[in-house]
Amino acid sequence: QVQLVESGGGLVQAGGSLRLSCAASGRNFSPYAMGWFRQTPGKERELVAAIKWSAGTIYYADSVKGRFTISRDNAKNTVDLQMNSLKPEDTAVYFCAESSSSYYGVDYRSKAVYDYWGQGTQVTVSS
């Protein structure tokens, strides 16, 4: 069973930076994709960024382009999210996710294709 553990959340002032890390364990093969999603109370969980593991193709939500960077470390089985120029509207619980889907046309921007989820880490950006 794949387990994902996030770390690095916290409280930061607007304009500051945080780095989230997700460590994966319990699998024998590389995933097809990993992603970061976020959720606030009463709202749908939304994509922040995702990366196709082998090809390195990256997807970002429009709201974070130019501020957030997703990266992976194959050897360590980790995926990180560097968040710069944080805004109060980035406040949310951030979740790491992993997809084992590889069919033609799979959309790694959709939370529906992710099979495994971490427990989430809170990010709070104060104004």
Side-chain angles (χ1 to χ4, degrees):
Q1 180 74 8
V2 175
Q3 291 187 322
L4 304 174
V5 179
E6 304 101 334
S7 61
L11 173 64
V12 65
Q13 289 189 329
S17 298
L18 281 175
R19 187 176 184 90
L20 305 183
S21 186
C22 175
S25 63
R27 52 169 150 83
N28 296 319
F29 302 97
S30 295
Y32 286 96
M34 293 191 74
W36 286 95
F37 291 77
R38 66 187 181 187
Q39 189 170 22
T40 55
K43 291 191 175 181
E44 291 283 328
R45 191 170 297 187
E46 63 176 10
L47 173 75
V48 177
I51 183 167
K52 290 178 68 174
W53 204 254
S54 58
T57 307
I58 289 174
Y59 310 90
Y60 290 108
D62 288 342
S63 58
V64 306
K65 283 180 182 177
R67 301 188 297 122
F68 291 12
T69 303
I70 189 171
S71 61
R72 73 188 189 289
D73 187 319
N74 290 354
K76 294 181 180 179
N77 276 337
T78 58
V79 60
D80 291 353
L81 185 69
Q82 178 65 42
M83 305 186 294
N84 298 329
S85 303
L86 282 161
K87 305 175 181 180
E89 50 263 43
D90 295 317
T91 295
V93 178
Y94 284 70
F95 297 89
C96 175
E98 178 175 311
S99 176
S100 57
S101 297
S102 62
Y103 53 86
Y104 179 78
V106 59
D107 185 359
Y108 293 118
R109 296 167 296 178
S110 169
K111 61 181 181 292
V113 306
Y114 288 84
D115 310 288
Y116 304 101
W117 294 84
Q119 81 286 353
T121 185
Q122 177 70 46
V123 171
T124 302
V125 185
S126 63
S127 57

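Values below: all heavy atoms of this structure, side chains included; hydrogens, waters and symmetry mates excluded.
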> Can you tell me if Ser85 uses its side chain to pair, donor with acceptor, with the backbone of Arg67 under 3.5 Å?
Replying inline: no
>> Let me check something: do Phe68 and Trp36 share a hydrophobic cluster, defined by ILVMFWY side-chain heavy atoms less than 4.5 Å apart, either directly or through other members?
In response: yes
>> Given 3.5 Å as the limit, does a donor-acceptor pair link the side chain of Arg72 with the main chain of Ile51, or not?
In response: no
>> Taking the side chain as everything from C-beta on, heavy atoms only, tell me whether Cys96 gets closer than 4.5 Å to Met34.
In response: yes
> Could you state the interatomic distance from OG1 (Thr69) to CD1 (Ile58), rounded to the nearest 0.5 Å?
Replying inline: 8.0 Å
> What closest approach, in Å, do Pro31 and Trp53 show between heavy atoms, and which atom pair accounts for it?
Replying inline: O-CB, 3.0 Å
> So does Arg109 have more than 12 non-hydrogen atoms from other groups sitting under 6.0 Å from CZ?
Replying inline: no
> Side-chain heavy atoms under 4.5 angstrom apart, residues restricted to Ile, Leu, Val, Met, Phe, Trp, Tyr: same cluster for Leu20 and Trp117?
Replying inline: no
>> If we ignore hydrogens and angles and just use 3.5 Å, is the side chain of Thr121 paired with the main-chain N or O of Tyr94 as donor and acceptor?
In response: no
> Mind checking whether Ile70 and Phe37 sit in one hydrophobic cluster, side chains of I, L, V, M, F, W, Y counted as touching below 4.5 Å?
Replying inline: no
> Can Thr78 and Asp73 be counted as having a side-chain donor-acceptor contact under 3.5 angstrom?
Replying inline: no
> Does the side chain of Arg19 come within less than 4.5 Å of Ser71's, by heavy atoms?
Replying inline: yes
> Does Tyr60 OH have over 12 foreign heavy atoms under 6.0 Å away?
Replying inline: yes
> Between the side chains of Asp80 and Ser21, is a donor N or O closer than 3.5 angstrom to an acceptor N or O?
Replying inline: yes
> If you group Ile, Leu, Val, Met, Phe, Trp and Tyr by side-chain heavy-atom gaps below 4.5 Å, do Val5 and Val93 land in one group?
Replying inline: no
> Could you give the distance from CD (Glu98) to OH (Tyr32), rounded to the nearest 0.5 Å?
Replying inline: 11.5 Å
> Is it true that atom CD of Gln3 has more than 12 heavy atoms of other residues, nucleotides or ligands lying nearer than 6.0 Å?
Replying inline: no
>> Check the orientation of Tyr59 and Tyr108. Use parallel for under 30°, tilted for 30 to 60°, and perpendicular for over 60°.
In response: tilted
>> Looking at Lys87 and Asp90, is there a salt bridge between them, counting it only when a charged N and a carboxylate O are closer than 4.0 Å?
In response: no
> Any sub-3.5 Å donor-acceptor pair from Glu6's side-chain atoms to Gly120's backbone N or O?
Replying inline: yes
> Quick one: NZ on Lys43 to CZ on Arg38, what's the gap to the nearest 0.5 Å?
Replying inline: 9.0 Å
>> Is it the case that the side chain of Ser110 and the backbone of Asp107 share a donor-acceptor pair, with hydrogens and angles ignored and the cut-off at 3.5 Å?
In response: no
>> Looking only at the side chains, is there a donor atom on one of Thr91 and Glu89 sitting less than 3.5 Å from an acceptor on the other?
In response: no
